[in-house]
Amino acid sequence: MEHWDDFLAPYKQAVEELKVKLKGLRNEFERDHVHSPIEFVTGRVKPIVSILDKAAQKNIPLNKLATEMQDIAGLRMMCQFVDDITRVVELLRARNDFEIVEERNYISHKKVSGYRSYHVVLRYPVQTIHGERKILIEIQIRTLAMNFWATIEHSLNYKYRGDFPEDIRIRLQRAAEAAFLLDEEMSQIRLEIQEAQRVFSRKKDKPKE
């Protein structure tokens, strides 16, 4: 494909705009002095080599990337607790500045590898000097524990190209269950954790005499 910069520019713009908007949600919760279901937000546009690799794996023609590849632009929203993920999804559904075109729940229906996350695919309108362009963006919503596992698995996947040795595959599955157990245990003491965080926040913000 020629003119990669022109093709990717709206995706980069969309990522930056959504990062500002979604981080703004967290700031609203903080101003109201209530628990924010959003811990932090990151975003990226796939490198060209990754786009080409995925297009080859999925048999996606380059002239159909915009309509058939959903994660050229991607954001991750991190949460402290599993229940926060449900709240974040509700917040996204309530917005009118983009259209949700697909949701995939890999928390209730984990992947065979052990991967857990909640994916929301958006059709987001980007305003350019040539008019509006609607592009697909994937948002992954997960807990910090889920993200730790997914980051490690992603790195190993590059090394083994998806063909994990049996012992590594088993250990990854065990680690995924351990991460989910951690999330469940933390959910059981959620109220105590949140109260401790409020106390810490008040002390931090208290003016020094």
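As the structure is a prediction and not an experimental result, all values here were calculated from the model.
- Across every non-hydrogen atom of Gly114 and Trp149, the tightest pair is C-CH2, 4.0 Å.
- Using a 4.5 Å heavy-atom threshold, the side chains of Leu18 and Val20 count as separate.
- Gln80 CD to Ser36 OG: the interatomic distance, rounded to the nearest 0.5 Å, is 8.5 Å.
- Ion pairing of Glu166 with Arg169 is present here, as a side-chain N (NZ or NE/NH1/NH2) and a carboxylate O approach within less than 4.0 Å.
- Taking both residues in full, the closest heavy atoms of Ala145 and Ala179 are given as CB-O, 3.8 Å, listed atom of the first, atom of the second, then distance.
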Test side-chain contact (heavy atoms from CB on, under 4.5 Å) on Ile51 and Trp4 and set out the steps.
CA-CA 11 Å; Ile51 294 173; Trp4 276 106; 4.0 Å; yes

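- Classification of Asp183 and Arg116 as a salt-bridged pair fails, no side-chain N sitting under 4.0 Å from a carboxylate O.
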As a quick check of understanding, evaluate side-chain contact (heavy atoms from CB on, under 4.5 Å) for Ile48 and Leu8, giving each step before the final call.
CA-CA 9 Å; Ile48 295 172; Leu8 294 177; 4.0 Å; yes

Would you please test Lys110 and Glu177 for salt bridge (Lys or Arg N to Asp or Glu O under 4.0 Å) and show each step?
CA-CA 10 Å; Lys110 66 178 179 179; Glu177 293 310 306; 2.7 Å; yes

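- Between Asn147 and Arg76 the shortest side-chain heavy-atom distance falls below 4.5 Å.
- Taking CD1 of Ile72 as the start and CD1 of Ile135 as the end, the distance is 8.5 Å to the nearest 0.5 Å.
- Under the 4.5 Å side-chain heavy-atom criterion for Ile, Leu, Val, Met, Phe, Trp and Tyr, Phe180 and Ile170 are members of distinct hydrophobic clusters.
- Surrounding CZ of Phe29 are more than 12 heavy atoms belonging to other residues, nucleotides or ligands, all under 6.0 Å away.
- Within 6.0 Å of the NZ atom in Lys21, the count of heavy atoms belonging to other residues, nucleotides or ligands exceeds 12.
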If you apply the rule side-chain contact (heavy atoms from CB on, under 4.5 Å), what do you find for Thr67 with Leu136, and how did you get there?
CA-CA 7 Å; Thr67 57; Leu136 295 176; 5.7 Å; no

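- Residues Lys64 and Met69 fail the side-chain proximity criterion, which asks for heavy atoms closer than 4.5 Å.
- Val45 and Phe98 fall within the same hydrophobic cluster, where Ile, Leu, Val, Met, Phe, Trp and Tyr residues are linked whenever their side-chain heavy atoms come under 4.5 Å apart, directly or through other members.
- Glu132 and Gln127 share a donor-acceptor pair across their side chains, judged by distance under 3.5 Å alone.
- Under the 4.0 Å criterion applied to side-chain N and carboxylate O atoms, Arg93 and Glu103 are assigned as salt-bridge partners.
- The environment of CG in Asp163 is sparse: at most 12 heavy-atom neighbours from other residues, nucleotides or ligands sit within 6.0 Å.
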Take Tyr118 and Arg142, measure what side-chain contact (heavy atoms from CB on, under 4.5 Å) needs, and give me the verdict at the end.
CA-CA 6 Å; Tyr118 198 103; Arg142 54 178 69 148; over 6 Å; no

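- Although no hydrogens or angles enter the test, the distance criterion places no donor-acceptor pair under 3.5 Å between the side chain of Asp32 and the main chain of Val34.
- Looking at heavy atoms from C-beta onward, Glu30 lies out of side-chain contact with Glu28 at the 4.5 angstrom threshold.
- In this structure, the side chains of Leu92 and Ile141 come closer than 4.5 Å at one or more pairs of heavy atoms.
- Leu172 and Met146 are assigned to two separate hydrophobic clusters, defined by single-linkage of ILVMFWY side chains at heavy-atom distances under 4.5 Å.
- To the nearest 0.5 Å, atoms CD1 (Ile152) and CZ (Arg171) are separated by 14.5 Å.
- Considering all non-hydrogen atoms of both residues, Val120 and Leu122 come closest at CG1-CD2, 3.6 Å.
- Taking a 6.0 Å sphere around CZ of Arg95, one finds it holds more than 12 heavy atoms contributed by other residues, nucleotides or ligands.
- Using a 3.5 Å distance cut-off with no hydrogens or angles, the side chains of Tyr115 and Glu153 do not pair a donor with an acceptor.
- Between Val82 and Thr143 the shortest heavy-atom distance is N-CG2, 3.8 Å.
- In this structure, Phe7 and Tyr11 have tilted ring planes: the angle between them lies in the 30° to 60° band.
- Taking both residues in full, the closest heavy atoms of Leu25 and Ile38 are given as CB-CD1, 3.8 Å, listed atom of the first, atom of the second, then distance.
- Within 6.0 Å of atom CZ in Arg104, more than 12 heavy atoms from other residues, nucleotides or ligands are found, so the atom counts as buried in its surroundings.
- At least one side-chain heavy atom of Leu91 sits less than 4.5 Å from a side-chain heavy atom of Pro37.
- With contacts defined as side-chain heavy-atom distances shorter than 4.5 Å, the pair Asp84/His35 qualifies.
- Of all non-hydrogen atoms in Arg133 and Ala66, the two that sit nearest each other are NH2-CB, 4.4 Å.
- Salt bridge status for Lys19 with Glu16: present, with a side-chain N to carboxylate O gap under 4.0 Å.
- A donor-acceptor pair under 3.5 Å is absent between the side-chain atoms of Asp71 and the main chain of Gly74, judged by distance alone.
- Contact of the Met77 side chain with the Ile85 side chain is not registered, since no non-hydrogen atoms from C-beta on lie closer than 4.5 Å.
- Remark: the Gln13 side chain and the Glu17 side chain contain an N/O donor-acceptor pair separated by less than 3.5 Å.
- Residues Tyr124 and Leu65 share a single hydrophobic cluster, defined by chaining ILVMFWY side chains whose heavy atoms lie under 4.5 Å apart.
- Ring pair His119/Tyr106: centre-to-centre distance below 6.0 Å.
- Linking Ile, Leu, Val, Met, Phe, Trp and Tyr whenever their side-chain heavy atoms come within less than 4.5 Å leaves Val112 and Phe164 in two separate clusters.
- Under 3.5 Å, the side chains of Thr86 and Asp83 contain no donor-acceptor pair of N or O atoms.
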